[in-house]
Structures are given as C-alpha cells and as structure tokens.
Asker: 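One structure, as structure tokens, below. Some questions next.
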There are 2 protein chains.
Amino acid sequence: MSAIEKLNDYVKNSGLKISSQRNHILKIMESEHIHRTVEEIYDIVKKSNPEIGIATVYRTVKLLCDAGIAKEIHMSHDVTRYEIVSDNSHHDHLICQNCGKFVEIESDIIEKEQSKIAAKNDFELKDHCHILYGICGDCRKKNKKK
Amino acid sequence: MSAIEKLNDYVKNSGLKISSQRNHILKIMESEHIHRTVEEIYDIVKKSNPEIGIATVYRTVKLLCDAGIAKEIHMSHDVTRYEIVSDNSHHDHLICQNCGKFVEIESDIIEKEQSKIAAKNDFELKDHCHILYGICGDCRKKNKKK
DNA sequence: TTACCTGCAAACAGTTTGCAGGCCG
DNA sequence: CGGCCTGCAAACTGTTTGCAGGTAA
C-alpha cells in the first residue's frame with residue numbers, strides 16, 4: 001500500500017479530510033529517501049505553494065506520524081527529522097558528527113538482542129532509537145590535513 | 001576518581017572556578033542514580049538554595065557534560081535528562097512508554113556489533129544512543145483491568 | 001585585583017494553538 | 001451546509017545570552 005493510499009485510509013477512518021496541502025507535503029517527504037526537518041519541508045513546499053504556513057507543515061507531519069506513515073528521528077542531539085516508514089524494512093542510523101552525512105544500517109543480530117533484552121525485563125517492545133555517532137573517513141582525512 | 005575530583009580537575013585545567021552552586025548541583029545529580037531533567041535539578045537545588053537561577057543549572061549541567069562528568073540522554077522524544085557517567089560501565093536504556101520506568105541495560109553483543117558496523121562504513125565511532133521503548137509488565141496488567 | 005560566576009530578565013528557536021474564513025464531502 | 005482545514009499571528013516551552021554586581025584565586 002502506498003503512502004498516499006495509507007493517508008486516504010487513515011483520513012477516512014478518522015473522519016478527517018484530505019487536502020491538497022496534505023498530499024503535497026506527503027509527496028515531498030516521499031520523494032528521495034531523505035530525512036528532512038520541518039523547516040526543510042516547509043521551504044520546499046513554499047516553492048510551489050508560497051501561501052502555505054509552517055503550522056500546516058507541523059500539523060501534517062504530526063498527522064502522518066499518528067497515521068504510522070512517517071516517523072520522527074532525533075538525528076543529532078537537537079534536530080528532529082522525519083522519514084517515511086516503509087512497510088518492509090526497519091533501519092537505524094550511523095551519523096557523522098562532523099559533516100552530518102549518515103548511513104542507514106540494519107542488523108539482525110542487534111534486533112534479536114533487543115528483543116531478548118526486552119523479554120528478559122518483561123517489557124513489550126514497541127519501538128527503539130538506535131543511532132551511532134562517529135566521524136566518517138572523509139572528515140578524518142580533512143582534519144588531519146589541517 | 002570521584003565526580004567532584006573530576007570537576008576540580010577540569011575547572012583548574014580550564015582556568016575556570018569552583019563555586020558552591022556547581023558543587024551543589026553536582027552533588028544532587030550524583031545522589032541516587034537517577035536521570036534528571038534540568039527542571040527537576042532546579043527544583044531540588046532551590047529547596048536548599050532558593051536564590052539560584054535556572055540559568056545556572058543549565059550552565060552547570062552543560063559544563064559537566066563538557067567535562068565528561070555527565071551525559072545527556074534523550075529519554076522520550078522530547079525530554080532531555082542527564083546522568084552522571086561512571087568510569088567503568090556503559091549502559092543503555094529500556095523505558096516504559098506508559099509510566100516512565102526504566103531499566104539500564106548492557107549488552108556486549110550489541111556493543112561489538114556496533115563497532116563492526118562503524119568499521120565497515122569507515123566511521124570512527126564516538127558515541128551512540130540506544131534506547132528501547134516498550135510497555136512494562138505492570139502497565140500491561142493495569143491496562144488489561146481497565 | 002582580575003577574571004570568572006551568578007541571578008535576573010530579555011531574547012531565542014522550535015513548536016503549538018486560537019481564530020476567522022475557506023473548502024471538502 | 002457542517003465540520004474539518006488553513007494561514008496568520010500570538011502564545012508557549014525549553015534553553016541561551018547580556019548585563020551588573022558578587023566572589024574565588
């Protein structure tokens with residue numbers, strides 16, 4: 001099921017309404033597999049729809065999260081980004097503290113271990129946040145040169 | 001080396017100064033192994049020192065982080081807490097989304113796997129954030145009753 | 001005595017909310 | 001047509017900063 005379909009579903013089931021702005025914002029978040037901040041989304045939407053207010057972006061992003069279509073990620077310690085969740089794959093992140101470059105990572109071993117830990121402590125696992133911070137190869141080279 | 005000693009060291013080496021407020025705040029953060037928010041620390045300090053301003057707490061907490069004595073944790077998606085780091089043990093967290101209860105967890109398997117992933121992507125690992133969110137046994141029981 | 005430190009209040013950034021009008025269904 | 005949605009601006013929250021006076025070294 002595509003994200004737009006999911007949105008339509010959710011909107012119907014909740015007695016909400018579809019709007020061009022909502023579709024528009026979702027489309028932007030889907031295009032390119034990039035994690036954006038609200039500010040960034042706002043800037044892009046504004047290009048084709050200068051009327052839009054940032055409040056609408058905030059409201060829509062939150063709605064998408066409620067609908068399970070998007071997800072919040074705290075990339076660095078004070079930047080909130082959003083990504084569209086795909087049905088089949090879960091991933092975590094490895095981020096360069098210097099240049100912000102990031103890699104999406106997956107690890108069955110870690111996922112399994114997480115489940116074990118949750119079970120051992122009698123927790124029903126709902127979600128997790130796993131971000132590795134480091135310095136990428138490029139940045140290490142650049143810093144040496146200086 | 002105790003946290004207070006570490007603070008003294010750091011302060012001397014950086015040309016800073018010790019103050020009763022700084023010691024006071026550190027003492028509170030050390031007492032009980034709890035992760036507190038700035039607001040909570042502020043409330044506690046105020047009891048014995050009503051004069052103190054919250055800005056001082058923010059400044060001190062930041063200083064302690066710079067000194068490597070404390071560490072920021074983003075417990076839930078918009079609450080920042082701080083914990084005193086102990087020299088010997090690293091741990092991550094498992095948090096109940098319902099009641100806020102948390103368990104500190106350690107896993108060699110995950111730590112090793114993280115290093116591997118970082119190495120594979122040519123990152124020099126500096127830090128990581130690993131938090132599991134779930135519902136604890138008590139809360140699951142309570143919810144059933146309702 | 002010289003920085004540094006503190007409390008206060010003002011400034012800020014990110015996010016939320018109330019309102020009056022617009023639009024979907 | 002009713003209720004949700006939007007843009008705008010004002011409100012709010014968590015955090016930072018500038019300033020004038022206080023204090024450690």
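Just so it is clear: chains get the letters A, B, ... in the order the sequence lines come, proteins before strands, and each one is counted from 1. Note that these values count all heavy atoms, side chains included, but never hydrogens, waters or copies made by symmetry.
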Asker: Taking only side-chain nitrogens and oxygens of B:Gln21, does any of them come within less than 4.0 Å of OP1 or OP2 of C:dG7?
Answerer: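 Affirmative; the distance criterion is met.
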Asker: I'd like to compare against my own output: the B/S/- annotation of nucleotides 15-20 of chain D with a strict under-4.0 Å heavy-atom distance to protein.
Answerer: BBBB--
Asker: NE2 of A:His24 versus C1' of D:dG7: gap in Å, rounded?
Answerer: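 These atoms are roughly 16 Å apart.
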Asker: Report the distance from atom OH of B:Tyr10 to atom P of C:dC5, rounded to the nearest whole Å.
Answerer: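 My rounded result for the distance is 10 Å.
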Asker: Dump the pairs, protein N or O against N or O of nucleotides 22-25 of chain D, anything under 3.5 Å, distances to one decimal.
Answerer:
residue: D:dA24; atom: N3; partner: B:Lys17; partner atom: NZ; Å: 3.3

Asker: Among side-chain atoms of A:His35 and A:Glu104, is any donor-acceptor pair under 3.5 angstrom?
Answerer: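 Short answer, yes.
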Asker: Are B:Leu16 and B:Leu63 packed together at the side-chain level, in the sense that at least one heavy-atom pair is separated by less than 4.5 angstrom?
Answerer: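 B:Leu16 vs B:Leu63: side chains touch.
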Asker: Nearest whole angstrom, please: distance from the C1' of D:dC5 to the CG of A:Leu7.
Answerer: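 So the two atoms are 13 Å apart, to the nearest Å.
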Asker: Examine distances only and state if a side-chain atom of B:Asn49 and a backbone atom of B:Val45 form a donor-acceptor pair shorter than 3.5 Å.
Answerer: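 Between the backbone of B:Val45 and the side chain of B:Asn49 there is no qualifying donor-acceptor contact (under 3.5 Å).
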Asker: Run the ring-centre check on A:His130 versus A:His93 and record whether the distance is less than 6.0 Å.
Answerer: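 Distance test on ring centres: not under 6.0 Å, no.
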Asker: Counting only N and O atoms by type, is there a donor-acceptor contact under 3.5 Å from the side chain of A:Arg81 to the main-chain atoms of A:Lys71?
Answerer: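 Side chain of A:Arg81 to backbone of A:Lys71, a donor-acceptor pair under 3.5 Å: no, none is there.
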Asker: Quick one: B:Ile52 CD1 to C:dC5 C1', roughly how many Å, whole number?
Answerer: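 Value for this atom pair: 11 Å.
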Asker: Tell me whether the count of non-hydrogen atoms from other residues, nucleotides or ligands lying under 6.0 Å of NZ in B:Lys46 goes above 12.
Answerer: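 Above 12, so yes.
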Asker: B:Asp66 has an atom CG; how far is it from atom C1' of C:dC5, in whole Å?
Answerer: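 For the pair B:Asp66 CG and C:dC5 C1', the rounded distance is 16 Å.
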Asker: Kindly say whether B:Val11 contributes a backbone atom to a donor-acceptor pair with the side chain of B:Ser14 at under 3.5 angstrom?
Answerer: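 No: the side chain of B:Ser14 does not pair with the backbone of B:Val11.
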Asker: Treating B:Arg22 as the side-chain partner and B:Lys17 as the backbone partner, does any N or O pair qualify as donor plus acceptor under 3.5 Å?
Answerer: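 Here the side-chain-to-backbone pair exists.
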Asker: For the pair made of NZ in B:Lys46 and P in C:dT6, what is the distance, rounded to whole Å?
Answerer: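 Checked: the NZ to P distance equals 17 Å.
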Asker: Rounding to an integer number of Å, can you tell me how far A:Asn49 CG sits from C:dG22 C1'?
Answerer: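 Atom-to-atom, A:Asn49 to C:dG22, this comes out as 14 Å.
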Asker: Which residues pass the salt bridge (charged side-chain N to carboxylate O under 4.0 Å, His left out) test with A:Asp66, sequence neighbours left out?
Answerer: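 If we apply the salt bridge (charged side-chain N to carboxylate O under 4.0 Å, His left out) test to A:Asp66, skipping adjacent residues, there are no hits.
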Asker: Roughly how many Å is it from CG in A:Leu63 to P in C:dT15, rounded to a whole number?
Answerer: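 The distance from CG of A:Leu63 to P of C:dT15 comes to 17 Å, rounded to the nearest Å.
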